[in-house]
Amino acid sequence: MRYLVVAHRTAKSPALAAKLREILEKDPEARFVLLVPARPPSGWVYDEGEERRRAEEEARAAKEALKAQGIPIEEAKAGDISPLLALEEELAAHPGAYQAIVLSTLPPGLSRWLRLDVHTQAERFGLPVIHVMAPA
């Protein structure tokens, strides 16, 4: 099975790595694609290209960190600032390629994605959503 892993600040977290290892134990043929949505900056004015470049750097670093732990990351890529739009674009670009979504967030109170209800909204894509909550 191929899993779409969606994470940003938690992409290198031990909690996400543990969940991916757990998936691998159940499905030794599992393969993962890491999607790192760009992070919105703190101010109103920002350079979208710069935010995308930062997300690409984070994706590369997280891929290497996870691969170093034996987790088979096939590809790592940056996505839109909106995690739902990033998901939608990836799934539309690769129809039928994924069997599940692994969504990694920070805990309530810290997670912008939880405030946006991304974990529930992602279910609209018709794939199982495995939610991983990494500690801060």
Side-chain angles (χ1 to χ4, degrees):
M1 286 180 58
R2 198 162 181 225
Y3 296 80
L4 180 57
V5 181
V6 185
H8 190 112
R9 289 173 59 191
T10 60
K12 293 181 277 195
S13 73
L16 178 58
K19 177 54 79 174
L20 297 181
R21 278 193 297 278
E22 180 183 311
I23 290 170
L24 278 168
E25 285 175 16
K26 293 177 186 169
D27 177 10
E29 301 300 312
R31 295 297 171 263
F32 305 102
V33 172
L34 177 62
L35 176 63
V36 178
R39 240 171 102 187
S42 56
W44 289 99
V45 179
Y46 62 93
D47 178 345
E48 191 172 325
E50 178 63 18
E51 298 309 317
R52 182 74 164 221
R53 186 190 61 70
R54 286 185 185 148
E56 288 168 356
E57 286 176 5
E58 182 64 28
R60 278 191 300 274
K63 177 182 178 181
E64 293 311 311
L66 291 167
K67 282 179 85 170
Q69 297 178 62
I71 298 168
I73 304 292
E74 288 183 342
E75 187 179 358
K77 53 181 85 173
D80 192 86
I81 283 178
S82 161
L84 285 170
L85 184 55
L87 256 170
E88 185 174 345
E89 289 173 346
E90 177 63 19
L91 294 172
H94 305 282
Y98 301 104
Q99 286 69 49
I101 297 166
V102 179
L103 181 72
S104 181
T105 69
L106 290 168
L110 295 175
S111 174
R112 183 177 72 88
W113 291 5
L114 288 180
R115 284 192 301 277
L116 296 172
D117 198 31
V118 172
H119 58 300
T120 304
Q121 296 290 324
E123 293 173 358
R124 74 177 187 218
F125 300 114
L127 295 172
V129 177
I130 302 163
H131 182 205
V132 178
M133 200 173 312

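For the single chain, residues carry numbers from 1 onward in sequence order. Values in this document were obtained by computation on a predicted structure and should not be read as measured data.
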A.B. asks: With side chains defined as the heavy atoms from C-beta onward, is the minimum distance between L20 and L66 less than 4.5 Å?
C.D. replies: yes
A.B. asks: Quick one, Y3 and V33 - any side-chain contact, counting heavy atoms below 4.5 Å?
C.D. replies: no
A.B. asks: Got a donor-acceptor contact below 3.5 angstrom from the H8 side chain to the P37 backbone?
C.D. replies: yes
A.B. asks: When you check the gap from the basic side-chain N to the acidic O, do R124 and E88 get nearer than 4.0 Å?
C.D. replies: yes
A.B. asks: Working to the nearest 0.5 angstrom, can you tell me the gap between Q121 CD and L103 CG?
C.D. replies: 11.5 Å
A.B. asks: Salt bridge check: are E56 and R54 linked by an N-O gap of less than 4.0 Å?
C.D. replies: no
A.B. asks: Shortest non-hydrogen contact from L127 to Y98?
C.D. replies: CD2-O, 3.4 Å
A.B. asks: Where is the tightest heavy-atom contact between H119 and V129, given as atom of each residue plus distance?
C.D. replies: O-CG1, 3.9 Å
A.B. asks: In Å and rounded to the nearest 0.5 Å, what is the CD1 to CG distance from I101 to L91?
C.D. replies: 5.0 Å
A.B. asks: Taking all atoms of both residues into account, what is the closest heavy-atom pair of L24 and P72, and its distance?
C.D. replies: CD1-CD, 3.5 Å
A.B. asks: If I take atom OG from residue S82 and atom CG from residue L87, how far apart are they, to the nearest 0.5 angstrom?
C.D. replies: 8.5 Å
A.B. asks: Please name the pair of heavy atoms, one in A55 and one in A38, separated by the smallest distance, quoted to 0.1 Å.
C.D. replies: CB-CA, 3.6 Å
A.B. asks: Does the pair R39/E58 count as a salt bridge with the N-to-O cut at 4.0 Å?
C.D. replies: no
A.B. asks: Between T105 (side chain) and S111 (backbone), is there a donor-acceptor pair under 3.5 Å?
C.D. replies: no
A.B. asks: If only atom types and distance count, is the side chain of Q99 paired as donor or acceptor with the main-chain N or O of R2 below 3.5 Å?
C.D. replies: yes
A.B. asks: Distance-only, no hydrogens or angles: does the S13 side chain make a donor-acceptor pair with backbone N or O of L16 under 3.5 Å?
C.D. replies: yes
A.B. asks: Return the CH2 to NE2 distance between W113 and H131, rounded to the nearest 0.5 Å.
C.D. replies: 9.5 Å
A.B. asks: Would you indicate whether the side-chain heavy atoms of L34 and E75 approach each other to under 4.5 Å?
C.D. replies: no
